[in-house]
Amino acid sequence: MTSTQDAKAPAGEVVLEAIGLTKHFPVRRRLRDLFSKEHDAVHAVDDVHLTLRRGQVVALVGESGSGKSTVARLLAQLYPRTGGDIQLHGRSTTVKGGRNFRGYAARVQMIFQDPFASLNPVHTIRYHLTRALKIHHNAGDDLDAALAALLTRVSLTPPERYLDKFPHELSGGQRQRVAIARALGADPEALLADEPVSMLDVSIRLGVLNLLRDLKERLNLAILYITHDIASARYFADETLVMYAGRMVEGGDSETVTQTPAHPYTRLLIDSAPDPDRLTGDIDPLEEDRGNGEPPSLIRPPSGCRFHPRCPAAMPRCSTDLPVRLEIGDAPGHWAACWLYDKAGAQ
Amino acid sequence: MTIPTSSIEQVIPGQGAMAQPSAKPAKAKRQRFLFVRNTKAATGLVVLGVYVLLAIIGPWIAPYDPSGRSNDLVQGPSAAHWFGTTHLGQDIFSQILVGTRSVMYVGFLAGLIATTLSVLIGVTAGYLGGKTDDSLSALTNVILVIPAIPLMIIITSVLNNASDTLIAVVIGLTSWSWNARVLRAQTLSLRRRDFVEASRASGETTWRIVIFELLPNLTAVIASGLVGTVIYAVLSEITLAFIGITSNDGWNWGTILFWAQGQQALGQHAWWWFVPAGLAIACLGTALSLINFGIDEFVSPRLRSAGKTKLKTAAGHTVRMRIGFTPVLENSAAPHTHARVISTPVMREAK
Amino acid sequence: MAEPVLEIRNLNVDYGLGDRAVHAVRDVNLTLHRGEVLGLAGESGSGKSTLAYGLTRLLAPPGVITGGQVIYHPAQGSSYDVLALSDNGLREWRWAETAIVFQGAMNSLNPVHKISTQLMDVLKAHEPNMSAHSRAARAREMLKLVGISADRMDAYPHQLSGGMRQRVMIGMALILQPQVVIMDEPTTALDVVMQRQILGQLIELRERLGFSVIFITHDLSLLVEFSNRIAIMYGGRIVEEAPANTIYRDALHPYSKGLLSSFPALRGPRRELTGIPGSPPDLAGMPAGCSFHPRCPKAFEPCGSAIPVLGRPDTPDGAGRSVACWLHPAEQPVG
Amino acid sequence: MKYFLQRIGFYVFTAWAAITLNFFIPRMVPGDPVQSLIAKYKGQLSTDAMQSLYILFGLDQHKSMWAEYVDYWKQIFHGDLGLSFTFFPAPVSQVISQALPWTLLLVGITTIISFLLGTSLGVVAGWRRGSWTDGLLPVTTFFSSVPYFWLGIIAIYLLAGPDSFFPSSGGFDSGLVPAWDQYFIPSAIQHSLLPALTILISSVSGWILSMRNMMVTVASEDYITVAHAKGLSERRVALSYAARNALLPNVSGFALSLGFIVGGTLLVEIVFSYPGLGFTLLQALGARDYPLMQGIFLIITIAVLVANLLADIAYLLLDPRTRKDG
Amino acid sequence: SDSPNANNNANAGKSVDYLRIGMPNGTQTENHNPFAGTSSANALGYKWMIYEPLTQWNPVKPADPAKPWLAKEVKWAADYKSADITVRDNATWSDGQKLTADDVAYTFTLLKSKPALNANAIPFGDITVNGSVVHVTFTTPQFVNQNKIMASTPIVPKHVWEKIADPTTDINKNPIGSGPYTLKSFTQAGVVLSVRTEGYWQDLPKVKELRYTSYADNSAQTTALANGESEWSFVFIPNYQATFISKDPANHKVWAPGVLGIHALYINTTVKPFDDPKLRQAMNMVVNRADIFNQAEAGYFHPQINSVTGLPDGAGDAFIAPEYKDKKFTVDVAGAKALLQSAGYKLNGTTLTDPSGKPVKIKLSDPAPWSDYQTTLEILKTNFAEIGIQATVEKPNQDVWDASVQKGDFEASMRWTNGGATPYDIYQTIMDGDLLKPLGTAAQQGNFGRFKSPEATAALKAYANATSDDARTTAMNQIQKIFVEQAPALPVGSDNVGGDYSTKNWTGWPSDADPYAGMQPTQPYALDIVLHLKPANS
Ligand SMILES: Nc1ncnc2c1ncn2[C@@H]1O[C@H](COP(=O)(O)OP(=O)(O)OP(=O)(O)O)[C@@H](O)[C@H]1O
Ligand SMILES: Nc1ncnc2c1ncn2[C@@H]1O[C@H](COP(=O)(O)OP(=O)(O)OP(=O)(O)O)[C@@H](O)[C@H]1O
Ligand SMILES: [Mg+2]
Ligand SMILES: [Mg+2]
């Protein structure tokens, strides 16, 4: 095991890197568009940079519809991308199907949000795992042993008790473990976990998250952890990235981003999270949000900074110029895409 | 003709609210028995079983040659001829028995053909989407628009000496479109389910996803479609036979009705010539419909006719279970379980 | 303490009949006081929704209420048992005295009617003498109250965003100024930002209008922040009930403790998260004794055999709270 | 609007494909109209007549299929469907226009009644599950499994007769001329009762069942519970909330069945000698009367498409969700 | 009231002055073109109530001279290549104009110039008018066609028809004829004719209104007859005693006289061993015509043929050759067996083998919907089994059957022959070598069995072209001899000109006692019948 035990430890080898990743979903054309040249599209993801390293968890946080799942699917090559590049071990990869896709899938695996839906109700656990092993020729000589090893790895012991069950006979947490085991069947280097615990009960979430962390350490995996619960990002991830309306707005190591958020949106997000330590009734409607709490249309996203219509600190410049990544300086690697931190521009 | 009345199908057109292959998925093995435990399905299966049995042994146990003439012309039911005789002295009971095979054969063969086609076209269209979907859907719609019975009449007359098999093929070829539409809609909704996406992400090939991931989840819909088309095929075959488009030789219930109508049996008050064949069709149809109800209820248990719906309250009133007004069986504040209050506290810290 | 507005006494709810019945709510005793927010927490399947629907008799078949009383104390007049009301009596009581806001607002609103129609439906049913004009005025007023401009009156549900729909539902719940509002996970489908906005608005309204709230969620941190008192359910029973702060700081029941230590905190020091081992119980085959004992780290011999009663614990600060645990045997059972 | 245009594109394509098929399919049929006619009159028409008929029908000159196809479209655009062989030289449009109203009225009205009745019963059966309405289903299922024509024949046997109120055949008393007057209308209604009843009995169960099932499905939606929680009257909840939503999926089924009106009732018309389009189609089929067959197929196709269009419009009106952008 | 239905109701109380005629011909489309075989006027037969022929010919007594009708007199030349027709001078068209020889000449000219309308393919030559006499010439002798020309050509008014742009495609919306009835109303289910008030050349009929109804099929027609809804029709009624007569035994009647047109089992004489006349003769000897008559034809529909010449009783009597006068068909299994044995066939148990040792098998085919033929085939099958011939019955669809019969691609099939005023049409359809086509080429006109006999061909030609009765008789006797000895087809039953009728309201129908005409409502003589009808209660 060469993994780093500490989140602050130097980052490992880069496994997967997204550079300027962009995805626009075309919108069905209407009659009046027939005569215009421009095609409407949902700008689901724009210019996303992201690096996954061995033995590290990167959290991607953002509200619903901000494009988190799209990023994950792009990274899993389930969608063709509109622009940008995905590099696996520094090599640009575009796979569409067939053998190439399998080869890619063997190294990058995805876990879905809903453990109730991501297992086929008509197949047993054995079938799911056997397929995962066989597709990638990881079954070896002894299939049963491989299956047992897989289940043990996700702490479903004794394995025999689970192998011949159907998904509906398992609890949510157990199902999500099976889903993880299936992903591990490919023996991947990177795991893309799209809200892996949001559908689970509070009391069992922790178990799954701990399992993922444990795997990261033992198998030296690179994990992308997608969530809308910023508190769990703090707890679980080494690095946290915040997305708003298809764009990255802030990034840095988790503790810094959650404790000293720089971008107004991140601040809004953190202020909105329930806090048991706050006094009952001590809730002022957030003066931090100038809008009605709703995200903008992604078909015609706001110009400049996408958050400017809601931003309490918006400046005229915010509505015209697209903010670039700016170092905050309070901790290494902490950045925000916000003109507030543009020292040069402020002068 | 009658539109197959499976609710699964009826539900489809309005996108959205459809009997999803249950969120609480088929409790595979145990539920397979549950299906048979459904009274409707069980009744239907038993009746169908009898028909299948008759289809197999009918020709052997028939007391007479169904075409054999005798001198008992147009005789009512008697000990010798249970269902009476025709204008040629043929035994109608034997004709019914012998005819069962053709009806069942055509019904099931046509059902199988139509179902296979509908699965191929519907699932492909639904899963692949895009241009494939557009063109397959267009094909489906065109077939749906063309009136089926006249089309069958035309096609059967193109093919001379239509044998049972040919008739079944023709019926099968003209009656897949409705099910294909249903299946396409179902596949569309399944395609977006995570487990399909997940097996794609884990590297499964497209055909494996379709065959091993999608199809098993469509079994109820397919089965219901099959049963629906069998009913439809049986009715179509009988209709064709009734208007004189029939196989070369051999009997089916439609042929019996054809002769009865040609000989104006009812004008001669020979009701026995008409009634048995009609009832045989109706019972077979009912049995198949019952099976379909069973499937519907199996897929979406809500549809099950509520088992026991009348309840006795503690006070002795009868109340009905209904939506919006939960019955109150007992209206007292007495606790049900008796929790104990321990007088001497047992204090012990866990390890 | 304020006077009670709703008293639930030994409420029992089953799904199905006879031997195969699932006892989803068992002997629940709970009192809601005027003007308070009572939080109801517990993991999925613990019977929170069943309790809420059971006390309003809205459970769909095969749900049946097998026992208990729900005593309602109206603002004026004498108290009565909701479960003993006639159909018409119940209809009159519903919404006028107790309104409900469900989890998914999209599903709570009839997709084919305008929201104005659905708002005015309530008025038509409960205040038949009201003129059409004043009905519309009232509906508009309610929408304004929850922060939706009146020109959205004639919108259909699908034309509104999730947050707006949920606001419409809250507006609709308050349109008859009920004494009690039951909220079953009203914000779980929403974003945190939106959730905070809506809850903030709700609290404000409660202060103005003075109704009581039963607030159901499994997000404990949210509950602690928003409610006055919290009841924790496990396996169809209430296992602990106490003022919010008390529970947050010092939960007595091992299950409550487990729940509180299974979510990470956003602020403050990173604390140790222990969670709860095992998986939720199967209601059909509930373990004997305390239903939590198979998962309980502190289980000892009476736990497996006898059901602990919910009552005032024998701890020094036991006043105003109750717990059902053999570690803290009740001195005085509630109910 | 966008939804609408998409649909119109679909209709145009389907209509084109169906009409093209309608053109080619009858031409695949062996035999020719003259032979059929001779056979039909079985000895009443001498073999000498044959040549004169070939000349009469214009079948003595041969044209390529393609040229005929082009002509066919030209004709359609001129609203001309050619001359029928069976009723030579009556134009197809005349044959169809005299048969169509009968079918539309008998089957159209019956289908609508069946839909309304079945739907209402289905609403009741779905809403009041566990009451007597559950017993309705097996009975109606049995009747719906009986072939139309059999039911019709039995109905004629049992109910029609020399002294019966129900006439056994035809659309009106012989001797009457179709007119909107006090003699004709009652006679037409009287003649339509028995066939209508037959259609009703065998078609109503489908509606009952699908409506019941939709009601059951809708009844468990949250908004129904909310409606109850709002204290609305049972009627209001059942009709305005449950039935209103349960109806939606049935609308397109209804449209399809409206489309099938024309083609689907062949046998009822045959059994009751009802002077409608289905019966005419059977005659055309028997006589290899391509122009008439094509004409009727065209009408059926258009009927189905129009019915679907109506369903789309109905959907648009009934379901605000489809009305997205103006 | 100006409603067309008003007087319909007014008649309700009074005695019935209308006659309800039905035909099982399905829905009709308005088409009164008397020349189009497809018109409603033809299908329902009302064209003969509006348009009249030159003479009335009685098919029940085909040898009797035709009755003058619009023609006062018809004089044929001895070679039957021309005729002089004297047109009656007191007939008028229903629009009041006089009927003249010009109208007759115009009608013939119309047929001559429009082959599409010339359904009997009459080879018209010159047509000239001289006062009230029309002189018509023909390119071939027309002895066998004489009644088709004179008694079944409707005469149409020149002044109306010459204005019609294309008489072949005109529906003749407003028919003007010389008959006693005019069109009152048309609907797809029926036609009403009302009697003319004046101008008819003889006494007007007692029936004031004719109401034609077109029923969907035989079954509906029979039901209507049984109910009394229909009073006169021509339809096959299975078990007519039970279905029809018994409903009103006093009034419901069926009369089905045979005519010169028969139904026979055509045998493909090119198929071995059926090319052997001995085998065919033997088969002919075992056909149980009584069973067929009673079970397949309900005991009336196709009157049983008794004479070995294949000519029906009654209508055929006058033509039977002296040597066959008393020769009747009998079922003679023993005789057949003996005949076969002598011809080298062997009967082993139940199987007959031909001289080459092959078992004799035959496929009988007819379209499924023709239930009487189907029943006949079933009976023939059991008949043939008695001499060891294994028959199977096939039911191809009608088009396939029709094509294969014409192309000679069949073994044996029940079919009809043409009919006419003499037995010529019957024998021509079965035996005429001129109609013989090679196998595989459609023989549209006849000789489907590919019967090759130069003698028969010559005799038929001689009959048609003969200029004297003696020559004709000789030729006819010769034809019959060949038919009996060669048995190219097995005659079973004759066509009939029958009808089903009710005497409840009207009497005076033709009958065995007074066979003044045939009984079909769609034939030219139908008018003659209507003119004979009297109210039942008078
Ligand atoms: N297949 C698609 N076609 C068109 N638009 C899409 C598609 N998938 C996603 N989108 C749009 O892209 C945007 C981003 O969606 P995405 O699912 O990535 O969000 P998310 O952050 O994962 O949200 P959630 O938290 O709800 O899962 C949304 O506006 C969504 O509507
Ligand atoms: N129709 C039903 N038939 C049988 N059991 C049911 C039915 N509906 C609910 N249950 C059971 O009753 C128990 C309580 O369900 P309930 O919906 O009240 O839980 P909950 O606490 O609201 O959970 P959640 O947090 O998931 O909403 C569950 O275990 C559930 O399985
Ligand atoms: Mg997502
Ligand atoms: Mg709940």
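Chain letters run A, B, ... following the sequence lines, proteins first and then strands; every chain starts at 1. These figures come from a predicted structure and were not determined experimentally.
Annotation: residues 129-148 of chain C contacts chain D through no residue [non-hydrogen atoms, separation under 4.5 Å].
C/S108 touches chain D through backbone and side chain together, each having a heavy atom under 4.5 Å away. With a 4.5 angstrom heavy-atom cutoff, C/L109 touches chain D only via backbone atoms.
Looking only at heavy-atom pairs under 4.5 Å with chain D, the residue among C/A60, C/P111, C/A125 that has the most is C/P111. Listed options C/K124, C/M169, C/Q118 were ranked by heavy-atom pairs under 4.5 angstrom with chain D; first place goes to C/Q118. Ranked by heavy-atom pairs shorter than 4.5 Å toward chain D, the options C/D87, C/T117, C/V122, C/D121 are led by C/D121.
With a 6.0 Å radius and a threshold of 12 heavy atoms from other residues, nucleotides or ligands, C/F211 has its CZ atom above the threshold. Within a 6.0 Å radius of CZ in D/R236, other residues, nucleotides and ligands contribute more than 12 heavy atoms.
Atom CZ in C/R57 sits 7.0 Å away from atom CZ in C/R94 (nearest 0.5 Å).
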With ring-ring contact (aromatic ring centres under 6.0 Å, His included) as the criterion, how do C/F102 and C/Y53 come out once you've worked through the C-alpha distance, each side chain's angles and the decisive distance to 0.1 Å?
CA-CA 10 Å; C/F102 293 90; C/Y53 296 134; 5.3 Å; yes
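C/H113 pairs by the ring-ring contact (aromatic ring centres under 6.0 Å, His included) definition with D/Y241, not counting sequence neighbours. Evaluation of the salt bridge (charged side-chain N to carboxylate O under 4.0 Å, His left out) rule for D/E234 yields B/R322, C/R91 as partners, not counting sequence neighbours. With sequence neighbours excluded, no residue forms a salt bridge (charged side-chain N to carboxylate O under 4.0 Å, His left out) with C/D14.
Two residues are said to be in side-chain contact when any heavy atoms from C-beta on lie closer than 4.5 Å; D/L200 and D/S114 meet this criterion.
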